[in-house]
Structure formats: C-alpha cells, structure tokens
Amino acid sequence: MRLEIIPVMVSEEQIKHAANDLDQHVEEMINWHFSPESGCPFWLNWAKEQDFNPLKEVRTFAELCNKFPYFEDEWLRDLPNKVWVPQAFADRPFNIFETGGTTGMPKQRIGWDDFRIDYTAFSKTLNDEHFPRDHYWLMVGPTGPRRLRLAIEHLANERGCSCYFVDLDPRWVKRLIATQQFDQARAYMDHVVEQALTIIKNREISALFTTPKLLEALAERRDLVSAGIKGVFCGGTTMDRQYARFLQEEVCEGGKIGFVPTYGNTLMGLARHHPFGPENDYSIAYYAPQPRAVLRVIDTGSGKPVEYNHWGRVELTTLTKEFFMPRFLERDEAIRREPWTEAPWDGVAEIRPFGAMEKKIVEGVY
Amino acid sequence: MKQAPHLPSLRLGKPYCSLNQSEVLDYRDGSVRATLSQVNPGVIRRDLKEVGQARAALQKFSTAELLEISRQAGEFFLHEELPVGEAGELQSPQEYLETLSSTSGLPHIMVRRNMEKIHHALTHMDTILNGLTRGLDVEVLDRGYGEQSGSPVCFHPTTKALGLVMPSNSPAVNSLWLPAIPLKIPVIMKPGKDEPWTPYRLMQAFIKAGCPAKAFGFYPTDHEGAADILRLCDRALIFGDKSTTDQYAGNPGVQVHGPGFSKVLIGDDEIENWPDYLDLMVASISDNGGRSCINASAIIVPKYAKEIADALGQKLGPIKPLAMNDPNAVLSGFANPKMAEWIDSAIDTDLLESGAYDATAPYRDGPRKVKAEGGTYLRPTIIACESIEHPLANREFLCPYASVVEVPQSEMLDKIGPTLVVSALTKCESFKRELLLDPRIERLNVGPISTMKISWDQPHEGNLFEFLYKRRSIGLAA
C-alpha cells in the first residue's frame with residue numbers, strides 16, 4: 001500500500017554526513033565490543049563461532065546489516081547478566097533494567113550511564129515553554145525495574161526539575177485484559193489516576209510523563225490546563241493518526257499543553273518525533289538517537305529496508321559502549337519515512353504492534 | 001456513478017471526520033459504497049460529559065412539538081432528499097433504498113417495507129407514546145407532574161442520554177429508539193457496521209424537521225467505544241448475538257435485545273387444522289428475509305411434526321434468491337459471506353446428531369448456501385426435530401430457519417424457554433390462561449396472528465418509557 005509522502009527539506013549533504021558519522025560510530029563500536037580488552041564475554045565468544053571477523057569485515061553500518069544476523073532477544077532472558085559486561089565496565093556494578101509488559105522471566109539489559117547520556121541528549125529537543133526549567137514533573141507509568149523510571153528522573157533533573165512518581169504495573173494490566181477482567185483493569189486504572197490527581201492537586205506540577213491512555217483518563221477527570229500542566233511527554237502504546245490528533249487537539253487543547261509523543265524502550269533509548277499536525281495528517285514519525293541507536297523499517301524476508309512510505313517491521317540496532325545489539329526485530333511495524341533536517345536519517349511512523357491489522361494485540365494502558 | 005459518500009461521526013450533532021475510516025461494502029462485488037468515520041472511544045467519553053446540554057436542548061420543546069417534529073421527520077425520511085455525507089451530498093429515498101439494499105443484501109421490496117414501518121412509527125408517535133405511557137397526558141412530561149386516572153403522578157428521566165449499540169440486520173429495528181426523541185432523551189449511538197444508512201438518515205430527517213442536532217450522537221467506533229456507550233449512558237440498548245448480550249444480562253441499565261427465539265405454538269384443540277395455518281407459519285418464518293428477532297424459529301406442535309415440516313419444506317424449499325429489485329424476492333444476501341458459511345456449516349454439523357433432518361432438502365434442488373445474483377445466500381431451512389432437546393430445536397439464524405418439534409401441550413411452556421413472540425394457535429381457555437401467566441413470553445399473540453405482526457401501541461421487548469423515566473411520589477404545597 002502506498003501512503004502519502006511527507007515533504008522534507010533535508011539536503012543530500014546532511015544525509016551523507018549523518019551516514020558517515022554512523023559508519024565511523026559503527027567502526028568504533030565494533031572495535032570496542034570485539035576487542036578482548038574492552039568487549040563483553042558474549043560478543044567475544046560469539047565472534048569465535050562465526051565465519052567472519054567483525055573487526056576486519058564490519059566497518060560500516062551497511063556491512064553490519066549484511067554480516068550480522070537478527071539479534072536473538074532470548075539471549076537477554078536466558079543468559080546471565082554478567083556475559084554482557086564489557087571489560088571496560090568490569091569494576092563497576094551495573095543497573096539491571098527489564099523490558100515492558102511481558103510476563104514470565106523478563107528480558108534484561110544491564111547499563112551504567114547510557115540512560116543519562118540518552119536522556120541528556122533528548123532534553124535538548126524539549127522547549128522551555130512547555131517543559132519549564134526549575135520546576136516539578138510527575139511520571140505516571142511503569143516504574144519498578146524499568147530504565148524509564150531513572151531516565152525520566154534524570155531528564156527532569158537535567159532541566160533543573162524534580163519528579164514525582166505514580167507507579168503502574170503493566171504486566172498486571174496485560175494479564176487483566178488478556179483474561180477479560182475489564183472491570184478490574186478499569187479499577188486499577190482508576191486507582192493509578194486517582195493517585196496522580198492527588199499529586200497534581202496538592203503539588204505544583206508543570207510537566208507530565210505518562211501513557212496515552214492514562215493521559216486521556218487524567219484529562220477526563222481534571223482540566224489539565226487549569227491544573228497547571230504545560231507539557232506532556234507521552235509514549236508506551238500505539239498512537240494512530242486519529243488518536244494522535246485527538247490527544248493533541250482535544251486532550252492537550254490544541255497546543256495549550258505541549259504534546260511530545262515519544263517512541264522508546266529499555267533496549268534503545270528514546271526516539272524524538274517529527275512535528276505533526278493537519279499538514280501531515282497527524283502521522284507521527286520518530287527518529288532514533290542516531291548514531292547511538294538506529295531504526296530501520298525492513299522487509300523481514302529480504303532483511304532490506306522497504307520503500308519510503310511503505311509498511312515494514314521495525315528493526316533496532318543499539319550501538320553504545322555499554323550495549324551492542326545489532327538488528328533486533330522489534331514487535332512493531334511502522335511506515336518508513338524520509339530523513340528530516342533535525343535527524344537526517346530514516347524515520348519510523350505510525351508505529352503499531354506487528355500484525356495489528358491481522359490479530360488482536362493486548363496493549364492495555366501501557 | 002456517484003462517488004461513495006463519507007459519513008462523518010455526529011458529535012452531539014456536529015459532523016466530525018475521523019482520520020480512521022471504515023468502508024461499507026456492496027455485498028455482491030465488495031465495491032465501496034461509503035466510508036465511515038471511526039472515532040476513538042475517548043471522543044465519545046469526552047462528548048458524554050457535555051450530553052446534559054443535548055438533553056437541555058430537547059427540554060426546550062414541548063412533547064407535543066416533538067411529536068409534530070417526529071411526524072414531519074417521518075415524512076422527510078420516506079419522501080425527501082436528505083444529507084448523506086460530509087460534503088452535504090443529498091440522498092433521495094430511492095438512492096437510500098438502493099444503497100442500503102446493496103450493502104445489507106436486503107431486497108428492495110424488504111427495504112421498502114422497512115421504510116414504511118419506520119415512517120409509520122414516526123407518523124404515529126403519539127399512538128406509540130400513548131401505548132408506552134398507558135395513556136399519560138403528554139403535558140405531564142413537560143411539567144414533570146400531573147394526574148393520571150385521578151392519581152397524582154410525577155416522572156423524572158433516568159438518564160441524560162439513551163445509549164444504543166445497533167445491529168446491521170434490519171433497518172426497522174431503528175424504530176425502537178425513535179420514541180426517545182419525543183421523550184426528550186438524546187441518543188448516543190454506535191451504528192451497525194454494515195448499516196449506518198438508516199440511523200444517519202433518521203437523524204438527518206429529525207434535524208430537518210426542527211429537532212436540535214445536539215440530540216444526536218452517531219459514533220461508529222470499536223468494541224471499547226461500544227462498551228463505553230453502554231457503561232456511561234445510564235440507560236442503553238444493545239443488540240447482538242447471545243454471547244454479546246449475555247455480558248449485559250442482569251444489568252438494569254442495559255436493555256438487551258438478543259435473539260428472539262420466537263415461536264408458533266399449536267394447541268391440542270387446533271392441531272387437526274394445521275393446514276389452515278401453513279401460510280401464517282411460512283410468513284412468520286420467512287418475512288423480512290427471516291432476519292428479525294420476531295421471525296419464528298420454531299414451530300411447536302403436539303403432533304404431526306413430520307407432516308408440518310414436510311408441508312413447510314414444500315412451500316419454502318423451492319424459494320431461490322431473486323434479483324434485488326424483484327418484487328417477489330424473499331431472501332436476503334449476506335453482507336458478510338463468512339457468516340453464511342458459518343451458519344451453513346453449523347446446521348450441517350448439528351444435523352450429524354441423530355433425531356433431526358432437513359425437511360427442505362428434498363424440495364431445494366441444491367445446497368443451502370448458494371452464490372446467486374452476485375451475492376451469497378442461504379436458502380430456507382426447516383429442520384424436523386424429534387425432541388426439543390436437539391441442538392437445532394431452539395436456534396435462531398440470520399435466514400428463514402425454523403425447527404418443527406413435537407411437544408405435548410402440557411409440557412410446551414416448560415420447554416420453550418424465553419421467547420420474544422409466541423403466536424399461539426388455540427381457542428382453549430385453560431391453555432390461553434397458562435400462556436397469559438407465563439413470564440418468559442414477551443409478546444403473546446393468541447389466534448392466527450403472524451409473529452411478525454407489530455403493535456405500535458404496545459411495548460416491544462421492554463417499555464422504553466419505563467426504561468427512560470421513573471415515577472416518584474411528589475407533594476406540592478398549595
């Protein structure tokens with residue numbers, strides 16, 4: 001299916017420059033992760049079993065995509081955390097972060113400073129009008145073992161703010177919905193929303209981080225503009241074009257509250273969004289924090305990117321000194337968008353669970 | 001050929017084009033006959049916070065004025081061009097008839113009959129209200145209190161809006177919510193996926209007749225949106241199959257309209273005269289394409305089940321799909337051919353259980369499911385069952401279908417289960433008395449009356465007035 005193209009004004013030079021930066025970064029990361037003095041046990045052992053030498057044969061992102069198979073996420077669940085510790089970090093205890101709402105043994109990523117680096121960089125994309133400095137934030141969403149909790153607090157701190165937290169356990173919500181206990185799911189959501197409203201009522205809050213559904217629920221119970229909310233930073237579940245429009249036009253009252261949708265997870269960091277509105281039919285495109293992470297929209301059969309403005313599976317490559325994760329197939333599909341001046345590389349738009357059109361996906365409020 | 005219109009959502013009367021749109025398809029070739037704005041549930045929840053304004057807009061009118069508006073709306077619905085799209089396109093009654101026929105599979109003649117039923121309901125709304133309120137002076141509703149039969153009465157609305165989760169099977173089902181408007185209660189509706197045409201046209205007819213547009217919420221939406229309508233409107237009607245309606249059984253705020261399991265019963269005293277009632281049985285089973293909850297889906301008799309099944313088979317078996325515009329068309333096509341496949345296979349699977357046979361098969365000259373006139377059809381099916389316990393004895397399908405079962409008269413009422421309409425062919429006073437006392441029968445016809453016969457001056461499956469208004473005591477100081 002061909003979808004309309006969003007006009008972009010990025011130059012070929014910008015795109016080339018960004019691609020060169022990425023290639024240089026790939027070279028640096030390959031050297032880091034596949035050298036015994038800095039790499040982690042997992043990749044060093046993995047390389048021994050391959051018929052190619054990453055240090056010699058993978059110098060660019062294109063070569064990485066050609067040589068590396070898809071990352072097997074079971075490795076993050078089944079192997080002990082210590083196999084992922086790069087030699088250079090061996091003397092520092094690590095944070096253990098778990099991925100979203102799955103049940104059973106969770107997938108874990110370890111880390112040290114990445115979340116600070118990622119969210120410090122992201123802070124530069126926020127404006128002071130909607131995310132004022134030296135004030136107070138409220139996060140209403142999954143905390144617990146997730147990277148997000150520390151990341152949001154760091155982001156707030158980075159802007160001179162302190163952050164309140166109301167927890168939401170997405171695993172419980174998914175279980176309630178999967179077992180059709182909708183009343184219980186609603187009661188749990190009400191419980192979370194009531195806690196958030198109590199904080200909003202009794203403390204001065206100017207910025208919110210939450211999920212789209214919780215944002216909606218908060219706005220149904222309280223006028224967020226008069227409550228002093230100036231900016232909302234929102235992610236976690238699908239936002240199709242209509243939903244994005246509704247949240248921006250009605251819940252955030254057409255710009256009275258700055259609405260910043262994000263796409264991110266424990267394995268990547270945070271992708272920023274391209275401005276959206278009637279001019280692009282509210283199609284939200286996200287751009288990865290390249291070169292530390294790369295998002296592609298690919299055809300899983302060929303492993304190659306789909307044409308621009310076509311649907312494909314989202315593939316993530318994470319390239320930091322703490323974590324190397326080549327070609328991980330996300331459980332999402334998206335439309336491939338063209339590079340943008342602020343992020344002159346491919347974007348991923350209208351993200352939704354992979355196969356969402358064919359089967360019912362339990363997303364819940366997270 | 002005209003471009004397919006886009007039907008916007010009506011957000012308390014205000015057209016709203018969603019970025020999510022569904023397609024309403026021609027049941028024959030799958031061509032797009034309309035696109036439909038699909039709203040996210042948050043839109044409905046947001047609008048429901050303002051629904052008090054919609055009710056206030058209706059309260060400005062007297063009931064008599066709203067009855068007159070209803071009457072005019074009926075005329076507009078049947079005779080006038082009415083808006084049908086975001087661009088203000090107009091749709092003539094004939095275009096409405098043809099388009100609805102093309103997406104629902106209902107032959108023109110049946111759409112026409114449904115139009116006339118709706119027209120009748122709107123133009124006789126005073127009679128309907130009179131029946132629902134048992135003769136209450138409508139000024140009592142305007143004033144809030146008054147007298148009825150010499151006693152003081154006072155009524156208050158039970159809700160700010162009537163929620164509706166509509167089906168796609170038959171246009172006349174819309175007549176059930178129409179009294180809400182003269183009763184000054186706005187409607188918040190999720191239309192049937194394949195049948196947005198009738199409610200949209202009705203709302204446009206009301207608006208043209210002078211009804212405040214605010215009184216109408218038209219929200220094509222998903223399951224979550226439907227659930228929100230049912231949850232957030234204090235009074236709502238839901239139409240659906242048993243699995244859907246079972247979820248709301250026992251909820252006093254939700255009036256459930258599921259399968260009717262309507263039946264024709266013949267008493268011991270009349271069974272020897274069964275051939276006289278054959279046409280009545282045929283009409284009860286097959287009128288309106290066999291799609292209504294008031295179509296008979298079982299014929300319960302004390303004897304001659306095989307003979308009756310055979311006679312019905314002879315009458316109904318040869319009926320074939322005809323062109324949509326053929327005035328003799330009896331069968332409706334399936335907007336969703338998979339539904340036809342499912343029904344066909346469900347009947348065949350249950351026929352594997354002994355004690356039942358397809359009495360239409362010898363007269364059908366072919367399979368039950370046929371492709372004809374560009375669409376998929378199910379031909380009439382009469383199943384003779386040896387016992388009412390057989391899985392096919394008390395079933396309802398979206399086609400002319402009925403079982404014929406022998407049950408001694410003395411056991412009939414214990415065994416028929418909840419039944420929307422019973423047409424009882426008997427003159428026996430004691431049997432009539434038993435029928436009158438049975439609480440599981442919603443509508444009782446005694447004598448040769450088709451189950452399809454509707455009385456506009458009596459409630460159908462619940463009294464909408466009693467659902468939307470509650471009587472309370474009142475004392476007024478002089």
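Proteins get letters first, then strands, A, B, ... in listed order; numbering begins at 1 in each. These figures come from a predicted structure and were not determined experimentally.
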Note to self: Tell me whether the count of non-hydrogen atoms from other residues, nucleotides or ligands lying under 6.0 Å of CZ in A:Arg203 goes above 12.
What the structure shows: no
Note to self: Atom NZ of residue position B:Lys160 - does it have more than 12 heavy atoms of other residues, nucleotides or ligands inside 6.0 Å?
What the structure shows: no
Margin query: Quick check for you: to the nearest 0.5 Å, what is the distance between A:Glu220 atom CD and B:Leu48 atom CG?
Written below: 10.0 Å
Notebook entry, point to check: Should the pair A:Glu216-B:Arg46 be classified as a salt bridge under the 4.0 Å nitrogen-to-oxygen rule?
Noted result: no
Next item on the list: Using non-hydrogen atoms and a 4.5 Å limit, figure out which bit of B:Gln21 sits close to chain A: side chain, backbone, both or neither.
Entry: neither
Check: To the nearest 0.5 Å, how far apart are CZ in A:Arg186 and CG in B:Asp228?
Finding: 6.5 Å
Notebook entry, point to check: At their closest point, which heavy atom of A:Arg241 faces which heavy atom of B:Leu19, and how far apart are they?
Noted result: NH2-O, 3.1 Å
Next item on the list: Please round to the nearest 0.5 Å and tell me the distance separating atom CZ of B:Arg231 and atom CZ of A:Phe182.
Entry: 12.5 Å
Next item on the list: Can you see which heavy atom on A:Arg221 is nearest to which on B:Lys49, and at what distance?
Entry: N-NZ, 4.3 Å
